[in-house]
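As the structure is a prediction and not an experimental result, all values here were calculated from the model. Index from 1, following the sequence.
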Amino acid sequence: QVQLVESGGGLVQAGGSLKLSCAASGRTNSNYALGWFRQAPGKEREFVAAMEWSPIGTTNYADSMQGRFTISRDNAKNTVYLQIDSLKPEDTAVYYCAAGPVGGRLFYESNQWDRYAYWGQGTQVTVSS
């Protein structure tokens, strides 16, 4: 099993930056990917970015996220990060880290929330205008 704990959210003014963390425990094998999703109240869960948990570490970004969002990892700390720059009020949401068997040849499915088996509790990001 995999346990994920997000942190780093908070209240930020528009134009600011945040770096969210997702600390992983348990086993994530080479066929896994770790993804970031977000969900605003009353809205559908939205894919943000994903990274293969493999030496290659291929990344995948939602078209609307590309440019301001950067996913990265620290293997020694078993932690995945999501850097968000130039925050906008519409970025306000709960951000979730997830892990699932969507690496390698299945990485094209890494933008689908129902392909992930493990989820963190989420961290709230609120952007004021």
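- Considering all non-hydrogen atoms of both residues, Ser86 and Asp91 come closest at O-OD2, 4.4 Å.
- Counting heavy atoms from C-beta on, the side chains of Val5 and Gln121 come closer than 4.5 Å.
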Report the C-alpha separation of Thr70 and Tyr81 in whole Å, then their side-chain angles, then the decisive distance to 0.1 Å, and conclude whether the side chain to side chain contact (heavy atoms under 4.5 Å, CB included) test is met.
CA-CA 8 Å; Thr70 304; Tyr81 304 97; over 6 Å; no
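- Residues Thr92 and Glu90 form no side-chain contact, since every pair of their non-hydrogen atoms from C-beta on lies 4.5 Å or further apart.
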Show me the donor-acceptor pairs within less than 3.5 Å that the side chains of residues 58-66 make with the rest of the protein, sequence neighbours left out.
| unit_1 | atom_1 | unit_2 | atom_2 | d |
| --- | --- | --- | --- | --- |
| Thr58 | OG1 | Glu52 | OE1 | 2.8 |
| Asn60 | ND2 | Ser110 | OG | 3.0 |
| Tyr61 | OH | Ile71 | N | 2.9 |

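- In this structure, CZ in Arg73 is found 12.0 Å from OG1 in Thr79, a value given to the nearest 0.5 Å.
- Residues Ala49 and Leu82 share a closest heavy-atom pair of CB-CD1, 4.4 Å.
- Across all their heavy atoms, Ala93 and Ala40 have their closest contact at CB-N, 3.8 Å.
- Once rounded to the nearest 0.5 Å, the distance linking CD of Gln13 with CG of Leu87 reads 11.0 Å.
- Under the 3.5 Å distance criterion, with hydrogens and angles disregarded, no donor-acceptor pair is assigned to the side chains of Asn111 and Glu109.
- For Arg45, the salt bridge (charged side-chain N to carboxylate O under 4.0 Å, His left out) criterion is met by no residue, not counting sequence neighbours.
- Remark: the backbone N or O of Gly9 is paired with a side-chain donor or acceptor of Thr123 at under 3.5 angstrom.
- Contact annotation: the side chain of Trp53 approaches that of Asn75 to within less than 4.5 Å [non-hydrogen atoms, C-beta and beyond].
- Atom SG of Cys97 and atom CD of Glu6 lie 5.5 Å apart (nearest 0.5 Å).
- Atom CE in Met51 sits 12.5 Å away from atom CH2 in Trp36 (nearest 0.5 Å).
- Judged by distance alone, the side chain of Gln83 and the main-chain N or O of Phe69 form no donor-acceptor pair under 3.5 Å.
- Taken from CG in Leu34 to SG in Cys22, the straight-line distance is 6.0 Å, to the nearest 0.5 Å.
- Within the 4.5 Å cutoff, no side-chain heavy atoms of Thr126 are placed close to those of Val12.
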Could you please spell out the steps behind the side chain to side chain contact (heavy atoms under 4.5 Å, CB included) verdict for Tyr118 and Gln1?
CA-CA 8 Å; Tyr118 306 100; Gln1 63 178 19; 4.2 Å; yes
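- In this structure, Tyr96 is not a member of the same hydrophobic cluster as Tyr32, with clusters built from ILVMFWY side-chain heavy atoms closer than 4.5 Å.
- Of all heavy-atom pairs between Gly122 and Val94, the closest is CA-CG1, 3.8 Å.
- Inter-residue side-chain proximity for Val125 and Leu20 is flagged as met; some heavy-atom pair is nearer than 4.5 Å.
- Taken to the nearest 0.5 Å, the CZ atom of Phe107 stands 8.5 Å off from the OG atom of Ser54.
- Applying the 6.0 Å contact sphere to CH2 of Trp113 captures no more than 12 heavy atoms from other residues, nucleotides or ligands.
- Contact of the Arg68 side chain with the Lys88 side chain is registered, since non-hydrogen atoms from C-beta on lie closer than 4.5 Å.
- Between Glu46 and Gln39 the shortest side-chain heavy-atom distance does not fall below 4.5 Å.
- At least one side-chain heavy atom of Tyr116 sits less than 4.5 Å from a side-chain heavy atom of Phe37.
- Placement of Leu4 and Phe47 in two distinct hydrophobic clusters is found when ILVMFWY residues are connected by side-chain heavy-atom separations under 4.5 Å, directly or transitively.
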